[in-house]
Participant: 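Following this message is one structure expressed as structure tokens.
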Amino acid sequence: MLKEVEPINFIEEEINKDLSSGVRTYVQTRHPPEPSGYLHIGHVRNIVLNYGTAERYGGVCNLRYDDTNPTKESQEFVDSIQNDVLWLGYKWNKIYYATDYFQQNYEVAVKLIKEGKAYVCDLSPEELSKTRGTLTEPGIESPYRNRSVEENLKLFEEMKEGKFPAGSHTLRAKIDMASPNMNMRDPVIYRIQYIHHHRIGDKWKIYPSYDFSHPLDDCLEGVTFSICGPEFEDHRPLYNWVVENSGVKNKSRQIEYNNLYLKGTILGKRNIKKLVNEGKVSGFDDPRLFTLAGLRRRGVLPESLKNFVNTVGISKVNTAVFEQAYLDYFIRETLNQKSRRVMAVLDGVKLVITNYNKLEEEVFTKDYPQIEGNTSTHKHYFAKELLVERSDFMKEPLPKFHRLFVGNEVRLSGAYIIKCTGFDEDENGNVTTIYAEYDPNTLSGTEGANRKVKGTIHWVNPAHCKKVVCRLYENLVMEEDSEAVEGNEADTDGIQLNPNSKTELSNCYAEDIDFNFEDRYQFVRNGYFALDKDSTNDCLVFNRTITLKDGFKLPKNN
RNA sequence: AGGGGUGUCGCCAAGUGGUAAGGCACAAGACUUUGACUCUUGCAUGCGUAGGUUCAAAUCCUGCCACCCCUGCCA
């Protein structure tokens, strides 16, 4: 069912033009990953564009693996891609593989040969390269360019049967060796390969090139709009040549849009693989990676990623390079809405409330204070001895610091206002115990609680909490290398990785509630956390997805 | 004069001849039992640049300049 759509980007404008002029009558797209690596954030926009555009127009999008190069591909990657697409919330109409079309590709190749539009070339890779010409000089025609149709047919058949060694022969489209567009200088459309294919085994000895199979498969599959990256702009004339000369009825149109990079992140399948293979990260789902698997494990929600790319939009500018702060905004935005609020002390120091003499007392805090009307709460136990965050106390407070220091009042979240009266320290000057007195009239929820104090801090009762592990993350790439790492093809060899990119704190204390893998938590004032798969029944492991935005900047100490 | 593509605020991005949307970032303020969130306000006399056409130009024309992609039997 075709829908009328108010265009939200230039691709949809182009689609609308074709639709209203009748050149094309429906919208069908395809998501064509090569199964040669894990999907990363740079791929999300392509996924949203292909699945999303089809959806908007009431059309379909197929997942088609571009698996025409067995040297780089594997089943592991095939599986991970499906997993990631589903996680993002998209569902393909059908799954295809470029290899599904090998027979049809082959038949079109034979047709081209019969029409004198393709020929078998015996040039070696080196010779071919030499005769291609340069950016400013035309190429030289192959000596095999004018073989007879019969000879071409026979040779191509022999290539198919495996009678020639790899690299010895290719099938080339006969176009124009003098074309200013390098892609049109009799491009190779078939090559010989004897590598075992992860899916079709050793069945085929000849493999079509991307430039030949992709447009053909698009047309055969019924795709009308083939949305791809800017690097294929120069290939469009060849794409159209294949479409026009293959005899297919449905004619797909290629539309290119710009790339997106995230500043200071290592993207690019090859570079990510290198980090994994060299053990610099724990795997493709290391939370420091910007693979979808990594982001997922870190606790990022798919909605954030989709909001991010949709808000970013698309254009044709060379490359859109984004500050990570932009992505961070969307990660926080959804987490803020969905996270349950829980208190956890990551680096604790003992707090003794000297004038508190009850054994303990129940207090309650809201689970989702950010959701209006949600009244669900959970219980804490207030007591004489608590644990507070070490960083919430200063022996000598800096200006504008309004947390704990001797003489200052703060509220213990959900409980009482206390006044700091003193502290103990060890021989190294490390604070070991903080002392305070509480104001019994200020319990949250009572009238006396209306008294305002500038600071509110979180706490945990050591007698009623879970000891947990928290993993905190920083960028893998150091600030100074952030530019060097830009782009999918960046050379990351000389990059010094951040030694502090992962910090594991194993003495953290969280409230004693039931944590689960599906939910997201805000450890109040410490950031958003998600349970990691390394958790066991005895030991919960949390990943900090992201910190809270920190509006408080300590003044320079001078 | 090899070809193709792109230049609008620090980063993205609308704009399609009628007088520069929006988001992020940033700044100031309000609110706040999270220094979060939310709210309010500010943030391009300017659209790579130089000319031209027009009552009117980011939008049309011409010339420059800058950046990106292309010389795989990768995708």
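Order of the sequence lines fixes the chain letters, A, B, ..., with proteins taken first and strands second; residue numbering starts at 1 for each chain.
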Participant: Side chain of A:Val317: nearest nucleotide among B:rA13, B:rG2, B:rC67?
Facilitator: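 So the nucleotide nearest the side chain must be B:rA13.
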Participant: Within 45° of the axis and under 6.0 Å from the centre of the six-membered ring of A:Tyr194, does NZ or CZ of A:Lys205 qualify?
Facilitator: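 Ring-cation test returns no.
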Participant: If we ignore angles and hydrogens, is there a donor and acceptor under 3.5 Å between the side chains of A:His214 and A:Arg30?
Facilitator: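 There is such a pair (donor and acceptor under 3.5 Å, judged by atom type) between the side chains of A:His214 and A:Arg30.
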Participant: Using atom NZ of A:Lys263 as one end and atom P of B:rC24 as the other, report the distance to the nearest whole Å.
Facilitator: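 Checked: the NZ to P distance equals 18 Å.
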Participant: Examine B:rA13: is either OP1 or OP2 under 4.0 Å from a nitrogen or oxygen in the side chain of A:Ser315? Give yes or no.
Facilitator: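 Yes, within the criterion.
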Participant: Contact class for A:Gly445 vs. all strands (heavy atom < 4.0 Å): base, sugar-phosphate, or nothing?
Facilitator: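 Answer is base: heavy atoms of A:Gly445 come under 4.0 Å of a base.
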Participant: Produce a footprint string for nucleotides 70-75 of chain B: one letter per nucleotide, 5' end first; B if the base is under 4.0 Å from any protein heavy atom, S if only the sugar-phosphate is, - if neither.
Facilitator: BBSBBB
Participant: Decide, yes or no, whether a salt bridge links A:Lys263 with A:Glu486 under the criterion of side-chain N to carboxylate O below 4.0 Å.
Facilitator: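 So A:Lys263 does not pair with A:Glu486 through a salt bridge.
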Participant: For the pair A:Tyr96 and A:Tyr101, name the ring-plane relationship: parallel under 30°, tilted 30 to 60°, perpendicular over 60°.
Facilitator: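 Because their plane-to-plane angle lies in the 30° to 60° range, the rings of A:Tyr96 and A:Tyr101 count as tilted.
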Participant: Which nucleotide, in any strand shown, forms a Watson-Crick or G-U wobble pair with B:rC60, with both distances under 3.5 Å?
Facilitator: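 With both distances under 3.5 Å, B:rC60 matches B:rG52.
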Participant: Side-chain N or O of A:Tyr326 versus OP1/OP2 of B:rC12: is the shortest distance under 4.0 Å?
Facilitator: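 It does not, given that no N or O in the side chain of A:Tyr326 lies less than 4.0 Å from OP1 or OP2 of B:rC12.
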Participant: Using the C1' atoms only, state how far B:rU45 lies from B:rA20, rounded to an integer number of Å.
Facilitator: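 The same atom, C1', in both gives a distance of 10 Å.
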Participant: Find the distance A:Asn9:CG to B:rG22:P and express it as a whole number of Å.
Facilitator: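 After rounding, the reported distance stands at 20 Å.
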Participant: Using the P atoms only, state how far B:rC67 lies from B:rA58, rounded to an integer number of Å.
Facilitator: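 26 Å, rounded to whole Å.
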Participant: Would you give me the side-chain donor-acceptor pairs under 3.5 Å for residues 317-333 of chain A, sequence neighbours excluded?
Facilitator:
unit_1	atom_1	unit_2	atom_2	d
A:Arg332	NE	A:Thr547	O	2.8
A:Arg332	NH2	A:Thr547	O	3.3

Participant: Taking only the C1' atom of each, what is the distance from B:rG17 to B:rA75 in whole angstrom?
Facilitator: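 Nearest-Å result for B:rG17 against B:rA75 at atom C1': 43 Å.
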Participant: Can you check whether any acceptor in the base of B:rC37 is under 3.5 Å from a donor in the side chain of A:Asn336, or vice versa?
Facilitator: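 No.
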Participant: For A:Ser129 and A:Glu126, what are the C-alpha separation, side-chain angles and deciding distance, and is it a side-chain contact (heavy atoms from CB on, under 4.5 Å)?
Facilitator: CA-CA 5 Å; A:Ser129 172; A:Glu126 298 72 34; 5.7 Å; no
Participant: Taking all atoms of both residues into account, what is the closest heavy-atom pair of A:His380 and A:Trp459, and its distance?
Facilitator: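 Smallest interatomic distance, heavy atoms only, reads CB-CH2, 3.7 Å.
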Participant: Say you pick atom C1' in B:rA27 and the same atom in B:rG4; how far apart are they, in whole Å?
Facilitator: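 My reading of the C1' atoms in B:rA27 and B:rG4 gives 43 Å.
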Participant: Write down the distance separating the P atoms in B:rU59 and B:rU19, rounded off to the nearest Å.
Facilitator: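 Pairwise P distance, B:rU59 against B:rU19, rounds to 15 Å.
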Participant: Quick one: A:Met343 CE to B:rA36 P, roughly how many Å, whole number?
Facilitator: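 Taking CE of A:Met343 and P of B:rA36, I get 19 Å after rounding.
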Participant: May I ask you to evaluate whether A:Lys549 reaches the phosphate of B:rC26, defined as a side-chain N or O under 4.0 Å from OP1 or OP2?
Facilitator: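 Indeed, a polar side-chain atom of A:Lys549 lies that close.
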Participant: Can you check the A:Arg45 CZ to B:rA13 C1' distance for me, whole Å?
Facilitator: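 Nearest whole value for this atom pair: 11 Å.
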Participant: Inspect the surroundings of CD in A:Glu6 and state if more than 12 heavy atoms from other residues, nucleotides or ligands are less than 6.0 Å away.
Facilitator: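 Not buried by this count: 12 neighbours or fewer within 6.0 Å.
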Participant: Over how many whole Å does the gap from A:Leu238 atom CG to B:rG4 atom C1' extend?
Facilitator: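 Result: 14 Å.
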Participant: Which residue is it: A:Arg451, A:Lys419, A:Arg411? I am looking for the one with a salt bridge (Lys or Arg N to Asp or Glu O under 4.0 Å) to A:Asp439.
Facilitator: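 When salt bridge (Lys or Arg N to Asp or Glu O under 4.0 Å) is applied between A:Asp439 and each of A:Arg451, A:Lys419, A:Arg411, only A:Arg451 qualifies.
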Participant: Touch check for A:Ser413, heavy atoms < 4.0 angstrom, all strands: base, sugar-phosphate only, or nothing?
Facilitator: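 Counting heavy atoms under 4.0 Å across all strands, the contact made by A:Ser413 includes a base.
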Participant: Give one of base, sugar-phosphate or nothing for A:Val312, where a contact means two heavy atoms less than 4.0 Å apart.
Facilitator: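 Answer is sugar-phosphate: A:Val312 comes under 4.0 Å of backbone atoms only.
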Participant: Syn or anti for B:rG52, taking syn as within 90° of 0?
Facilitator: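 Anti, which is what one calls it when the glycosidic angle falls more than 90° from 0.
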Participant: When rounded to the nearest Å, what value does the distance between P atoms of B:rA25 and B:rC37 take?
Facilitator: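 After rounding to an integer number of Å, I get 9 Å for this pair.
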Participant: Using a 4.0 Å heavy-atom cut-off, does A:Arg403 contact any base of the nucleic acid, only the sugar-phosphate backbone, or nothing at all?
Facilitator: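 The answer is base, as A:Arg403 lies within the cut-off (heavy atoms under 4.0 Å) of a base atom.
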Participant: Assign A:Asn258 to base, sugar-phosphate, or nothing according to its heavy-atom contacts below 4.0 angstrom with the strands shown.
Facilitator: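 Touches sugar-phosphate only.
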Participant: Could you tell me if A:Asn105 and A:Tyr190 have a donor-acceptor pair between their side chains, going purely by distance under 3.5 Å?
Facilitator: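 Looking only at side-chain atoms, A:Asn105 and A:Tyr190 do not form any donor-acceptor pair under 3.5 Å.
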Participant: What is the distance, to the nearest angstrom, from the OH atom on A:Tyr528 to the P atom on B:rC37?
Facilitator: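 Whole-Å distance recorded here is 8 Å.
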Participant: Between A:Asn307 (CG) and B:rG22 (P), how many Å, whole number?
Facilitator: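 Whole-Å distance recorded here is 20 Å.
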Participant: So which nucleotide from B:rG35, B:rG2, B:rG4 ends up closest to the side chain of A:Glu233?
Facilitator: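 Given the options B:rG35, B:rG2, B:rG4, the side chain of A:Glu233 is closest to B:rG4.
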Participant: Base, sugar-phosphate, or nothing: which does A:His402 touch, judged by heavy atoms less than 4.0 Å apart?
Facilitator: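 Base contact - A:His402 has a heavy atom under 4.0 Å of at least one base atom.
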Participant: Could you give the distance separating B:rC60 and B:rC47 at their C1' atoms, to the nearest angstrom?
Facilitator: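 Comparing C1' positions in B:rC47 and B:rC60 gives a spacing of 16 Å.
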Participant: Pairing check on B:rU32: which nucleotide meets the Watson-Crick or G-U wobble criteria with it, both distances under 3.5 Å?
Facilitator: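 Checking every strand shown, B:rU32 finds no partner, since no pair has both distances under 3.5 Å.
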Participant: Remember a base hit wins even if backbone is also touched, and classify A:Gln370 as base, sugar-phosphate or nothing at under 4.0 Å, heavy atoms.
Facilitator: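 No contact at all - A:Gln370 keeps every heavy atom at 4.0 Å or more from the nucleic acid.
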Participant: B:rA25 pairs with which nucleotide, Watson-Crick or G-U wobble, both distances below 3.5 Å?
Facilitator: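 When the pairing criteria are applied, nothing turns out to pair with B:rA25, so the answer is none.
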Participant: Could you pick out which residue, A:Ile457 or A:Phe322, lies toward the 5' side of RNA chain B when each is mapped onto its nearest nucleotide?
Facilitator: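 Result of the comparison: A:Phe322.
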Participant: Would A:Arg64 and A:Tyr97 count as a cation-pi pair here, with the cationic atom under 6.0 angstrom from the ring centre and within 45° of the axis?
Facilitator: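 Because its charged atom misses either the 6.0 Å distance or the 45° angle limit, A:Arg64 does not stack over A:Tyr97.
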Participant: Under 4.0 Å, heavy atoms only, any strand: does A:Gln337 hit a base, just the sugar-phosphate, or nothing?
Facilitator: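 Counting heavy atoms under 4.0 Å across all strands, no contact is made by A:Gln337.
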Participant: Base, sugar-phosphate, or nothing: which does A:Glu127 touch, judged by heavy atoms less than 4.0 Å apart?
Facilitator: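 No contact.
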Participant: For B:rG2, give the paired nucleotide (Watson-Crick: N1-N3 plus N6-O4 or O6-N4; G-U: N1-O2 and O6-N3; both under 3.5 Å), or none.
Facilitator: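 Answer to the pairing question: B:rC70, which forms a Watson-Crick or G-U pair with B:rG2.
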Participant: Specify the separation, in whole Å, of atom CG of A:Leu260 and atom C1' of B:rC68.
Facilitator: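 Rounding to the nearest Å, CG of A:Leu260 and C1' of B:rC68 are 16 Å apart.
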Participant: Distance check, P atoms only: B:rG2 and B:rC64, in whole angstrom units.
Facilitator: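 Looking at atom P only, B:rG2 and B:rC64 are 12 Å apart.
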Participant: Under 4.0 angstrom, heavy atoms only, what part of the nucleic acid is A:Val321 near: base, sugar-phosphate, or nothing?
Facilitator: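 Sugar-phosphate: the residue A:Val321, judged by heavy atoms under 4.0 Å, touches backbone atoms but no base.
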Participant: Would you kindly check whether a donor in the side chain of A:Asn318 faces an acceptor in the base of B:rG7, or vice versa, at under 3.5 angstrom?
Facilitator: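 When only heavy-atom distances are counted, A:Asn318 does not reach the base of B:rG7 through any donor-acceptor pair under 3.5 Å.
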Participant: Nearest nucleotide by nearest heavy atom, which residue falls closer to the 5' end of RNA chain B, A:Lys316 or A:Phe523?
Facilitator: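 First, find each residue's nearest nucleotide; the 5'-ward one identifies A:Lys316.
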